[in-house]
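Notes follow once the structure below has been shown.
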Amino acid sequence: MGLSMAQYEDIKQKISQGLSDRQIAKAVGKRRSKIAEIRNGATEYTPEAKLPDWMSEVQWDDIIKDIGLKHPLSYIWEESVKHLTSYSNFTRYLYKKYPQLKIKDYTHRQFNPGERVEVDWAGLVVEWIDPRDSKIHKSYIFVSSLGYSQLIFAKAYSSMKEIDFLTAHEDMFNFYNGVSEVICPDNTKTAVIKANKYDPDLNQEYDRFTKHYGITVAPARVYSPKDKSLVEGAVKLVQRYFKWLTRKTTFTSLKEINQFLKEVITTINNKTHSKFKISRQEMFDLEEKTKLKSLPNVKYDLSETKFCKVHPDGTVCIHFRYYSVPYLLVGKTVFVKIYAHTIEIYHGLEKVALHNRLTKYKGEKSILSEHIPESSQAYRNTTVQSVIQQAKYIDPVLKDFIENLLSESPSGNLRRAQGFVMAARQFKTKIGSQDFQKILISVLSDIQRYNKVRVENFRNKFKEYLNEILLQNTGDVIRRDHSNPMLRKNQPTLH
């Protein structure tokens with residue numbers, strides 16, 4: 001706690017009178033350590049500097065909250081304090097009042113034009129809501145910065161998987177309309193399989209991709225963010241500007257997010273740099289644009305790669321879909337290349353399978369007949385037809401029903417179709433063909449009308465109709481007299 005001028009003079013007077021520190025502390029209500037400091041000359045009275053009047057009108061709690069959310073300081077000043085004082089005056093007194101907020105200086109690294117580009121994923125995950133089904137989707141922001149001009153590129157993608165990672169690089173090269181000599185990524189698995197300070201192992205597909213563009217990969221060292229400090233700073237800038245511009249926005253598409261990001265990087269790139277007195281875009285156009293290497297004439301065929309173990313059923317699982325391989329490869333590991341519309345599967349250097357990529361639903365299967373053993377092929381090809389032939393032999397009505405059932409899902413409804421055929425064959429031995437067809441039509445109509453197409457329901461319904469016909473034929477049908485009050489059903493309800 002500070003001392004007023006009157007308190008300080010009072011303590012000095014009591015010290016000159018020869019009073020002890022204990023006596024003075026008790027008299028003025030201060031600690032003995034403070035009295036001792038004044039006695040030894042360690043503490044002197046310094047009048048407090050008068051703060052400007054406009055500071056009392058500022059909502060400092062709201063400003064500190066916005067700073068904590070990483071919003072740009074210039075935007076905060078423009079919205080809340082611009083009408084009270086200048087930006088330089090605002091920052092000067094802000095750091096006096098809250099010295100812990102002062103940004104430390106950094107050393108600028110020098111790069112030659114066209115020498116280097118640094119890339120990274122931003123930590124900000126942006127959500128958007130699909131208005132068609134109200135599902136929430138996530139998007140991830142890819143950011144890059146050139147070493148010399150520090151020109152920034154940023155774009156959002158639906159994932160951080162290999163195919164989106166490579167697509168982001170392709171979009172970045174198109175944005176710069178050229179390629180630098182060196183690229184510095186993080187040690188993500190889509191770029192580096194095994195990190196090493198001197199000689200890291202690159203992801204095979206990423207290595208092929210960068211060689212196609214003629215760019216050398218120099219990953220940042222593990223736990224050394226200063227190796228890619230330019231893109232680290234670019235990420236902070238992009239995130240702050242983006243969060244500020246979109247703080248009241250609900251996104252409904254990835255395209256809408258990228259429209260805002262385009263506005264963000266345009267604003268940053270065209271803003272005059274506080275140290276270099278020139279914008280990033282101007283620096284790029286003047287000195288770096290012509291130093292970049294030209295883009296290759298042939299576009300790289302983007303693909304995602306992975307190793308898969310073949311399942312016991314002779315398929316490999318790729319993004320929750322299943323693709324067949326020759327059955328002799330069961331239990332072995334194959335190499336898979338995933339393109340936008342096709343799936344290529346290799347064993348060693350040999351291509352063993354080619355499938356159209358499935359996209360309808362999870363669990364979908366693509367089974368090629370040449371990948372199945374001969375015995376299984378015979379079973380798959382003949383079993384369905386044999387069931388239909390058996391149903392035709394029993395009754396044409398049953399045949400039509402079984403054909404419709406198997407057309408929906410041959411493998412899923414095969415056993416059910418066999419159950420219907422077996423039950424129908426058992427009932428046909430008990431009655432004539434005319435009565436059988438009559439009952440069959442009624443039973444099939446009932447179970448389909450009430451959506452109870454199950455073998456057990458088929459049996460129960462058939463028994464009901466069969467018992468009714470048998471009783472009618474023997475003349476033993478019991479007919480109730482509904483006018484007889486002695487019957488339990490016809491007795492009035494007592495209240």
Side-chain angles (χ1 to χ4, degrees), residues 108-122 139-157 160 162-186 188 190-191 202 205-220 227-239 241-242 254-255 257-273 276 278-302:
H108 178 68
R109 296 183 296 161
Q110 294 290 340
F111 296 105
N112 296 324
E115 177 186 350
R116 183 184 179 90
V117 63
E118 298 176 0
V119 299
D120 199 5
W121 289 104
S139 63
Y140 306 85
I141 302 175
F142 177 88
V143 182
S144 70
S145 175
L146 287 171
Y148 182 77
S149 64
Q150 299 183 24
L151 190 70
I152 294 173
F153 165 78
K155 191 173 181 180
Y157 298 87
M160 292 191 290
E162 187 174 65
I163 191 69
D164 285 315
F165 186 60
L166 298 182
T167 303
H169 280 65
E170 196 172 60
D171 293 339
M172 173 189 68
F173 294 144
N174 291 330
F175 176 78
Y176 295 138
N177 195 27
V179 182
S180 62
E181 295 178 8
V182 177
I183 186 169
C184 178
D186 204 349
T188 174
T190 50
L202 299 180
E205 188 64 20
Y206 189 63
D207 188 34
R208 285 191 288 266
F209 174 82
T210 51
K211 285 180 178 177
H212 177 81
Y213 280 94
I215 188 170
T216 303
V217 182
D227 284 1
K228 51 183 182 64
S229 58
L230 292 178
V231 74
E232 293 282 349
V235 165
K236 291 179 181 179
L237 277 176
V238 170
Q239 289 185 157
Y241 274 68
F242 182 80
L254 191 63
K255 183 179 179 181
I257 296 172
N258 281 320
Q259 287 175 346
F260 274 97
L261 280 173
K262 188 175 181 180
E263 180 181 347
V264 166
I265 62 175
T266 301
T267 302
I268 296 174
N269 289 332
N270 288 316
K271 185 177 181 181
T272 302
H273 199 287
F276 311 128
I278 187 174
S279 70
R280 291 174 169 84
Q281 188 67 54
E282 290 173 333
M283 180 75 79
F284 174 78
D285 292 336
L286 288 173
E287 300 191 37
E288 190 160 28
K289 186 175 182 179
T290 57
K291 301 297 183 180
L292 295 175
K293 293 186 290 187
S294 300
L295 297 173
N297 295 327
V298 180
K299 185 179 178 181
Y300 186 82
D301 194 2
L302 292 175

Fill in: Heavy-atom check, side chain of Leu230 versus side chain of Phe111, under 4.5 Å
yes

Worksheet, complete the sentence: With sequence neighbours left out, the residues meeting side chain to side chain donor-acceptor pair (under 3.5 Å) with Lys291 are none

Worksheet item: Between the side chain of Thr188 and the main-chain N/O of Ala191, is any donor-acceptor distance below 3.5 Å?
Response: no

Item to complete: Would you indicate whether the side-chain heavy atoms of Val217 and Asp207 approach each other to under 4.5 Å?
Response: no

Worksheet entry | Minimum-distance pair of heavy atoms, taken over all atoms of Ser139 and Ile257 | OG-CD1, 3.4 Å

Response to the item:
d(Ile215 CD1, Phe209 CZ) to nearest 0.5 Å is 9.0 Å

Practice prompt. Over 60° means perpendicular and under 30° means parallel, so classify the ring planes of Tyr140 and Trp121, tilted if in between.
Written response: perpendicular

Fill in: Within 6.0 angstrom of Lys262 NZ, more than 12 heavy atoms from elsewhere
no

Practice prompt. Please test Thr216 against Thr210 for side chain to side chain contact (heavy atoms under 4.5 Å, CB included), starting from the C-alpha separation and ending with a verdict.
Written response: CA-CA 7 Å; Thr216 303; Thr210 51; over 6 Å; no

Discussion item. Can a donor-acceptor pair be found, under 3.5 Å and without considering hydrogens, that links the side chain of Tyr176 to the backbone of Leu151?
Written reply: yes

Worksheet item: Do any N or O atoms from the side chain of Glu288 and from the backbone of Pro113 form a donor-acceptor pair under 3.5 angstrom?
Response: no

Discussion item. Applying side chain to side chain donor-acceptor pair (under 3.5 Å), can you list everything that pairs with Asp120, at least two apart in sequence or on another chain?
Written reply: Lys228

Worksheet item: Which distance, rounded to the nearest 0.5 Å, do you find between the NZ of Lys289 and the CG of Leu146?
Response: 12.5 Å

Discussion item. Once rounded to the nearest 0.5 Å, what's the spacing between atom CD of Gln281 and atom CG of Leu286?
Written reply: 10.0 Å

Worksheet item: When rounded to the nearest 0.5 angstrom, what distance separates CG in Leu166 from NE2 in His212?
Response: 11.5 Å

Worksheet, complete the sentence: Here the gap from Asn258 atom CG to Ile265 atom CD1, rounded to the nearest 0.5 Å, amounts to 9.0 Å

Worksheet item: Hey, does Val143 have a side-chain heavy atom less than 4.5 Å from the side chain of Val231?
Response: yes

Discussion item. Tell me every residue that passes side chain to side chain donor-acceptor pair (under 3.5 Å) with Glu287, counting only those two or more places apart in sequence or in another chain.
Written reply: Tyr148

Practice prompt. Kindly indicate, with the supporting measurements, whether the criterion side chain to side chain contact (heavy atoms under 4.5 Å, CB included) is fulfilled by Glu181 and Asn112.
Written response: CA-CA 10 Å; Glu181 295 178 8; Asn112 296 324; over 6 Å; no

Practice prompt. Kindly indicate, with the supporting measurements, whether the criterion side chain to side chain contact (heavy atoms under 4.5 Å, CB included) is fulfilled by Ile183 and His169.
Written response: CA-CA 10 Å; Ile183 186 169; His169 280 65; 3.4 Å; yes

Practice prompt. For Lys236, enumerate each residue passing the side chain to side chain donor-acceptor pair (under 3.5 Å) test, keeping only those at least two apart in sequence or located in another chain.
Written response: none

Discussion item. Within the 3.5 Å criterion, strictly below it, is a donor on Asn174 or Glu170 matched to an acceptor on the partner's side chain?
Written reply: no

Discussion item. Walk me through whether Asn177 and Leu292 qualify under side chain to side chain contact (heavy atoms under 4.5 Å, CB included).
Written reply: CA-CA 8 Å; Asn177 195 27; Leu292 295 175; over 6 Å; no

Worksheet entry | Non-neighbouring partners of Phe175 that pass ring-ring contact (aromatic ring centres under 6.0 Å, His included), sequence neighbours left out | Phe153

Worksheet, complete the sentence: Hits for side chain to side chain contact (heavy atoms under 4.5 Å, CB included) against Ala168, two or more places apart or cross-chain, chain-then-number order -> Phe142, Tyr157

Worksheet item: So, Arg116 side chain and Val182 main chain: donor-acceptor pair closer than 3.5 Å or not?
Response: no

Practice prompt. Starting at CZ of Arg208, measure out to CG of Asp301 and round the result to the nearest 0.5 Å.
Written response: 11.5 Å

Discussion item. Can you confirm whether Phe242 sits close enough to Leu261 that some side-chain heavy atom of one is under 4.5 Å from a side-chain heavy atom of the other?
Written reply: yes

